[in-house]
Amino acid sequence: MTRMKDFNAPTNMSRRRFGQMLGLTGAIAMLPWKVEAQGGVQTLVFALPGLVGNFEPHTWVGFGDTVHVMDTVARGLTHMDFANPLPRPAIAESWTVSEDGTVYDFTIRDGLTFHDGTPIDAPAVLRTFQRMKDEDDPTRPELSFALDNLGGPNVDGFEAPDARTFRINLLQPDAAILGRLSRPDMVIISPTALEAHGKEIGLNFVSCGPYRISSVTPNERVVLEAFDGFYKGTPEIQRVVMQVIPEAVAQMTALAASDLNVTNLIPHSNVDRLEAMEGIRIEESAAFISAMLAMNCEAGPLADIRVRRAINLGIDREAVVREAFFGKAEVPGYITPAAEQGYAPEHQRHSEYDPDAARALLEEAGAMGAELSLISENSGFWPRLGQVVERSLNDLGLVVTTEYLDGGTFNGRLFDKTAHELAFLQRSAFFPDPDGRFSPLFQTGTAGADQITAQSGLPEQAQLDAMIIAANAEGDPERRTQLYVELNNFMADEMMPVAAVVNTFLPVAVTADLEGVNANALGTYRTFLEDARYAA
Amino acid sequence: MANSFAAPPKPVAATRRGRLGPADVLRLVPWVIATGFVLAALLAPLIAPYDPIENVGMPMMPLFTDGHVLGTDGFGRDQLSRLLYGLRPMLVVSLGSVVLALVVGGIYGLVSGVSGWRIDWVMMRAVDIVMSFPLILAAILVLAALGASLVNLTLAVAVSQLPIFARLARALASGEAARDYAMAARAAGFAPIRIMVREVAPNIIRPLLVQATSVVAVAALTAAALSYLGLGVRPPAPDLGYMVKEGQELIFIAPEQALLPGLVIAIFALAVSFCGDQLGDDRAVGMAP
Amino acid sequence: MIAEIVRRIAFLPVTLFVVATLVFIALRALPGSTVDMLSSQFATAGLRDQLIAQLGLDLPLWQQYLIYLRELVTFDLGRSFITGKDVSVMVGETLPVTIELALASLIVMVLFGLGAGMAAAARPGSLIDASLRFVAMTLFALPWFWFGIILIIVFSLWLGWLPSFGRLPSTLDYQPVTNFVLVDAIALGRPDLIGPWLAHLILPALTVGLTTSGMLMRLARSGIIETGRLDFVRTARMKGVPGGRIFFRHILRNAALGVLTVIGLQFGAMLGGSVIAEVVFGYPGIGRMMIDAVLTRDYAVAQGAALVIATLYVFVNLATDLAYRWADPRLRREPGR
């Protein structure tokens, strides 16, 4: 696991003195630092960016509020704790894989129940998975994506041979499937609730996670209470309140006033400031979130690999880390971040900053002074990132214009190879498996390869496709890791459809007396609060 | 308290005419400030110490650093230079949008006011519909469809001001059209367009201009709010509303980064409101000829 | 007067039709679509086509428009693509929040705007007048988003008096029924909700109410001063009618004309969603929902929210006009208008 370097801006001290001058620090220090205790019930308050209040897992498209609630109230067959790449047993207590790697048998834990008391057995598990596969299932929501996230057409079918065995049949081996089963959309739903609520299950959600839903106020908060039937035992903190606090200033104010106990929404700029405050601790998280610069291989000068290489060499990543992330990020290797399997230190050469070599390449390609457009989202850290990257590339002698677009416009243009040249891409890990950064994004047939980078037309793409499939079919962990190391090198050396820009994490701030919060998971959106407890 | 209303009002302005008392100097202050803003914006390239989009120092230098009086932002750009250049989009958008709204809304209202009641009714209901359309939605739709830029921001803010001018112009014009001189012109057989342009328009221009002055501040604030939502000028070009947004998360570290640009917007809006108020008051009190 | 009410209400469908059509066209004119938001980066071309078909976005635009209109006629606002919830349910969740905030802001605006206006008009040209006008003008000139942040820093962070975000503290369990906290508190017998709810309402209401009170104060002041100089007031004064009576019966009622217009306009705007206050204070109102829907191309939600806001605006506008007529008897006698 990587540890973050400590980048302290040289002006930090005087800045702090200035804060004291204004009385900010003093005022903050005087605030009470007590744990919210309501009638002796220990409560943990967690900040949400928003809350739709529909917890339908099978229409989940990533991010948003659902992942935080889902991780806290539901569980799937396996669980990833982000400390290492190994999937752990959850609702399944063990599993076996057939010789050819296509049949997985899961043994369901004995004696577990859902929050509504329904027993968890293999038929109950089958019910959830059939709902993903069977298009005529009356409880299936429109726009169900779950099966696609489990492997799509590669999933041949599900069975429950006996009361405690659940079987998944695949067409091709998929070594990432155990990781996929830990995704927030692979959780097991109570068949009783499914029967009662059908398509409306998201509004009346019942699963088997460490906490059960007590009340939901859409756009405001969801209140959860500890579930005494959880497979790891009842969580120590009895009550969790997930409270919508969208704005950074409000979050930090709430944190300072102990109205908030855990958040992964604070801006990178405030990490040092909050760390210096009594009563608040910043947890260390591994950098699972990658920002990349996609280069449309069919767009004008970008069709020339020398130009793409020049851009890759010309991004001042140290400046990105310093100016866009206030030091709370790292210079990447290539596609796979250092925190995941498939990374090798030699990958750092793919993110070297060498403006002279970049200029030479541009001259050679006759692309000096070429005009390029870069599209970026206009929220989060993107505008800061865009400004540094644009400046870097313009320093090379390119003429880059960045457009900062709302989410809808950005995605519309991103998924259309005729509508963008350079574009930012974000990848995070919903489970730490190296396949998640390759097959959904760079294999022929995906929107990534066909539209975002338009690399599908490159002569090397056929080989890349074969390598992606082979790597994910490899069952031996060590050989598998090695294949991903090579995959990174191949894509960077032979194709260069994207430049890795930076790897970062969501800074996780907690109140100082709180222990056991899974910071690595929170740093990449996953929210496991069952081990949290207050120090005596 | 209510009793004091019974007392005859003191003639406020009349007694001071001709002499330049302290109150008159006070009345000059907003004009001086507003003019100062315009000058500072115009002369920004001459008076700004640095290029506003270049990294010229370490990031996050505090106030009163040597060479960077207002410090630097998170990138290492000079804050004073950014504030000075940031005045430009604010002035362009607030003045541009008001002029646009004044011309378009004024003509619309004028036509509506001097037309027969059927056309008038339809035209005013159209204004009602525009007004019932949520302003922020209209602005965001315009900016998302056309792309965020200075011109489009001006357009979006102008749309929000249009109904004000259309209604005022219509009210004034219908009042004027009913007066003797316009009736006489109509009786004399002049074409409606001629009456509109030659007789009615000159009489409604002054109140419209007064109204325009008083909404410059509103336009500046609307533009700043849209920039704050990320719908204004393209970064890294400096823009005051966007500077507040960028600085907001730094409020516990370097509060000046959000507070100063907000203060500049507020002072500008305050100065132009006072200017508008004075013009409006002159009309109300009947001091001007 | 009744004829006018009828005419205005009869015109409402026309307004809504135009608004619905405009929003429909504008949303479709934006680049990107719901599919781009839903399919994220995972989707294969096949899945995208399937999504487009499921959402009915493969139909020609005019056909989509007719379907939309047909749904509207039956008061069906449709279903959100992104949240999977009925738009009417989502409106029911967010509109009460906006109405609460708008009413609270209105109270702040009227109390401060009218109060300051009356105090200033009491002695025109005095120091009190000058300073009140300065304060009102300053409040008017403050950018909302900036003022909100300052209020948070002062009252939440420094003084620790007031909460800075949300509608209720996280210590309270509350399962909304009507989503109007006050109504629910009474209906459910939960008086413990009221205090915290008010505390959470104060900062956002101050932000919106104070910044909008400047205009009202100016109008109230000049209205009162001007009416005070009119002949009928002088006559009344000469007749020896008590000052208080003159003020309330004549001056205030006459000055109310301009004041009512401003109050109506501002209240209509507040109902449109004080988007920025909602963003800064994390207040879950309809304005923010509408903007988010536009940004994620959640067509049905954006259309539904715009329609609801437009309807409210029309009614507020109508109410303003009626109040206007009540305040000015001359208008009442005038047939039609």
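Convention: sequence-line order gives letters A, B, ...; per-chain numbering from 1. Just so you know, these numbers use all the heavy atoms, side chains as well, and skip hydrogens, waters and symmetry mates.
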Legend entry - Per-residue contact mode, Ala217(B) against chain C (heavy atom under 4.5 angstrom): side chain
Inset, instruction - Measure Ile140(B) against the heavy atoms of chain C and call it side chain, backbone, both or neither at under 4.5 Å. - result: side chain
Legend entry - Heavy-atom contact with chain B under 4.5 Å, split by part of Val280(C): side chain
Inset, instruction - Please state whether the rings of Phe145(C) and Tyr228(B) are parallel, tilted or perpendicular, taking 30° and 60° as the class boundaries. - result: parallel
Legend entry - Contact origin within Ile149(C) toward chain B - heavy atom pairs under 4.5 Å: side chain
Legend entry - Donor-acceptor contact below 3.5 Å, side chain Arg288(C) vs main chain Glu278(C): yes
Legend entry - Flag for Asp120(B)-Ser115(B): side-chain donor and acceptor within less than 3.5 Å: no
Inset, instruction - Report yes or no: does Trp144(C) contribute a side-chain atom to a donor-acceptor pair with the main-chain N or O of Ala225(B) at less than 3.5 Å? - result: no
Inset, instruction - Check whether the side chains of Gln278(B) and Trp31(B) place a donor and an acceptor atom closer than 3.5 Å, and report yes or no. - result: yes
Inset, instruction - Can you tell which part of Ile267(B) gets under 4.5 Å to a heavy atom of chain C, answering side chain, backbone, both or neither? - result: neither
Legend entry - Check ion pair Asp239(B)-Arg82(B) (N to O, under 4.0 angstrom): no
Inset, instruction - Indicate the atoms forming the closest heavy-atom contact of Gly262(B) with Pro143(C), along with that distance. - result: O-CG, 3.9 Å
Inset, instruction - Could you tell me which portion of Phe134(C) (side chain, backbone, both or neither) has an atom closer than 4.5 angstrom to a non-hydrogen atom of chain B? - result: both
Inset, instruction - Would you mind checking which part of Val18(C) comes under 4.5 Å of any heavy atom in chain B, side chain (CB onward), backbone (N, CA, C, O), both or neither? - result: side chain
Legend entry - Side chain / backbone / both / neither for Leu307(C) at chain B, heavy atoms under 4.5 Å: neither
Legend entry - Under 4.5 Å from a heavy atom of chain C, the part of Phe274(B) involved: both
Inset, instruction - Mark yes or no: Arg28(C) above the aromatic ring of Phe24(C), with NZ or CZ under 6.0 Å from the six-membered ring centre and no more than 45 degrees from the axis. - result: yes
Legend entry - Heavy-atom contact with chain C under 4.5 Å, split by part of Leu146(B): neither
Inset, instruction - Pick whichever of Val218(B), Leu141(B), Leu259(B) has the most heavy-atom pairs under 4.5 Å with chain C. - result: Leu259(B)
